[in-house]
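Everything below concerns the one structure shown next.
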Amino acid sequence: MNLDDVLAAINASSELSVGELAFLLGLNDPEDQRRLFEKAYEIKKRNVGAVVRLRGLVEFSNICEKNCLYCGIRRDNHGHRRYMLDEEEILEAAEWILEAGYGSMVLQSGERSDETFISLIESLLVKIKDLTSGKLGVTLSLGEQTPETYERWFNAGAHRYLLRIETSNPTLYRRIHPADHDFDRRRHCLDVLRDTGYQVGTGVMIGLPGQTLEDLAADALFFKNQDVDMIGMGPYIPHRDAPLAKETPDFDERGQLGLGLKMIAVVRLVLQDANIAATTALQALDPVGRERGLKAGANVMMPNVTSPKYRDAYQLYENKPNLDENAAACRDRLRESVAAVGETIRFEEWGDSPRFFRRLNSGRKGSTRATRSR
Ligand code: 5AD
Ligand code: SF4
């Protein structure tokens with residue numbers, strides 16, 4: 001296999017195989033990598049433009065019932081305090097995001113399934129919609145829930161949901177999760193979310209111990225089969241208090257960043273009109289990691305607007321950036337850093353993916369809230 005042939009297949013709009021995608025993920029030569037990123041960027045520009053969509057990320061609680069083997073806020077990690085923003089603080093964050101012109105917000109927390117939590121989110125959604133006159137798009141990232149819960153939150157005003165599959169390889173999934181996790185249950189949640197009417201996002205961790213390039217290639221095809229609207233994925237970064245860290249004593253930051261960028265490019269080749277996020281895990285490995293993500297094919301950024309006083313307690317992985325930066329400074333820096341790579345932020349819009357609108361127009365299942373989208 002050689003790069004010219006694979007690029008020619010892309011130009012001819014042929015569907016790439018697992019072998020071809022894995023070949024691209026394995027490119028080591030800087031010039032080869034540059035050609036891959038260039039192709040992905042060209043496809044991005046053609047399908048979603050050289051524009052960046054923003055989601056203000058509010059990590060409102062680090063309380064979690066789960067114990068994922070890779071995660072710094074897993075249940076058994078007693079090394080940091082647990083927090084939960086109160087309703088007023090979350091509403092303040094929503095208002096700030098609206099005023100900053102970000103257009104949409106993501107509410108993310110550890111996983112909880114008790115009724116107190118479920119109804120709290122429900123009433124918060126109604127209040128956020130009310131407070132922002134329905135102008136702010138709201139994405140939830142609150143893990144696995146029952147169909148009834150997904151429906152209650154949808155009816156209360158959420159229209160997008162992010163649930164990472166983490167890996168589409170069931171054997172690897174089992175190795176990085178405790179026994180009470182179940183791959184099929186998680187995948188089923190993605191179907192339920194779609195059936196409920198959400199725009200669905202998923203993603204994986206890139207460079208997990210034991211993960212092969214073929215696994216990542218299969219992940220890209222999994223996203224396509226699930227027909228998802230958005231992808232949020234980032235490099236795996238060991239956390240010293242999480243058991244999986246033992247398996248990567250010689251963690252290679254540069255290699256991990258490179259693989260993360262190549263994966264963005266490969267997913268852009270496969271899902272040409274989806275929203276793909278340049279996540280903060282990229283930034284943890286390189287101060288301009290997210291901007292490099294944009295050049296590799298990503299088109300969404302999720303600036304963290306959680307109050308700095310809570311951020312140090314929300315460390316999924318070590319080295320999370322921006323822990324002492326306030327939200328306003330963060331926004332100005334974003335505008336500049338995005339302009340520096342030749343892109344423009346589209347403020348004041350929900351920023352749904354062209355993929356979502358195409359699916360809607362073709363009569364397949366999708367959010368009935370599209371008409372309210374902007
Ligand atoms: N490295 C990278 N990403 C991680 N996540 C959790 N722990 C880590 C880690 N150590 C990601 C998971 C989860 C999301 C909220 O954070 O993919 O879905
Ligand atoms: Fe909880 Fe999510 Fe971390 Fe798993 S990855 S322990 S569900 S916060």
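Whatever order the structure lists them in is the order used to number ligands and atoms, beginning at 1.
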Nearest protein heavy atom under 4.0 Å from atom 2 (Fe) of ligand 2, yes or no:
no
Heteroatom proximity flag, [X] to ligand 1, N/O under 3.5 Å:
X: Tyr70; result: yes
X: Gln108; result: no
X: Arg164; result: yes

Going by the order shown, which atoms of ligand 1 are within less than 4.0 Å of some heavy atom of Cys71?
7 (N)
Any idea which atoms of ligand 1 are less than 4.0 Å away from a heavy-atom of Pro235?
2 (C)
Closest candidate by heavy atom, reference atom 1 (N) of ligand 1, pool Leu69, Thr167, Ile237, Thr202
Ile237
Give the ring-plane orientation class for Tyr173 versus His181, where under 30° counts as parallel, over 60° as perpendicular and anything between as tilted.
tilted
Scan side-chain atoms only and decide if Asn304 and Glu59 contain a donor-acceptor pair under the 3.5 Å cut-off.
yes
Testing Ile231, Leu16, Leu221 for side chain to side chain contact (heavy atoms under 4.5 Å, CB included) with Val270, which one passes?
Leu221
Carefully, step by step, assess Tyr70 and Tyr236 under the rule ring-ring contact (aromatic ring centres under 6.0 Å, His included).
CA-CA 8 Å; Tyr70 43 82; Tyr236 163 68; 7.1 Å; no
Would you check if the side chain of Gln199 reaches a backbone N or O of Met230 as a donor-acceptor pair within less than 3.5 Å?
no
Does this structure show an ion pair linking [X] with [Y], if we count only N-O contacts that are shorter than 4.0 Å?
X: Asp191; Y: Arg194; result: no
X: Glu291; Y: Lys295; result: no
X: Arg34; Y: Glu31; result: yes

Taking 2.8 Å as the cut-off, does Cys68 contribute an N, O or S atom near atom 4 (Fe) of ligand 2, distance below it?
yes
Looking only at heavy atoms, is any part of Met205 under 4.0 Å from ligand 1, and if so is it the side chain, the backbone, or both, or is it neither?
side chain
Any idea which atoms of ligand 2 are less than 4.0 Å away from a heavy-atom of Tyr70?
5 (S)
Just which atoms of ligand 2 are under 4.0 Å from any heavy atom in Cys64?
1 (Fe), 6 (S), 7 (S), 8 (S)
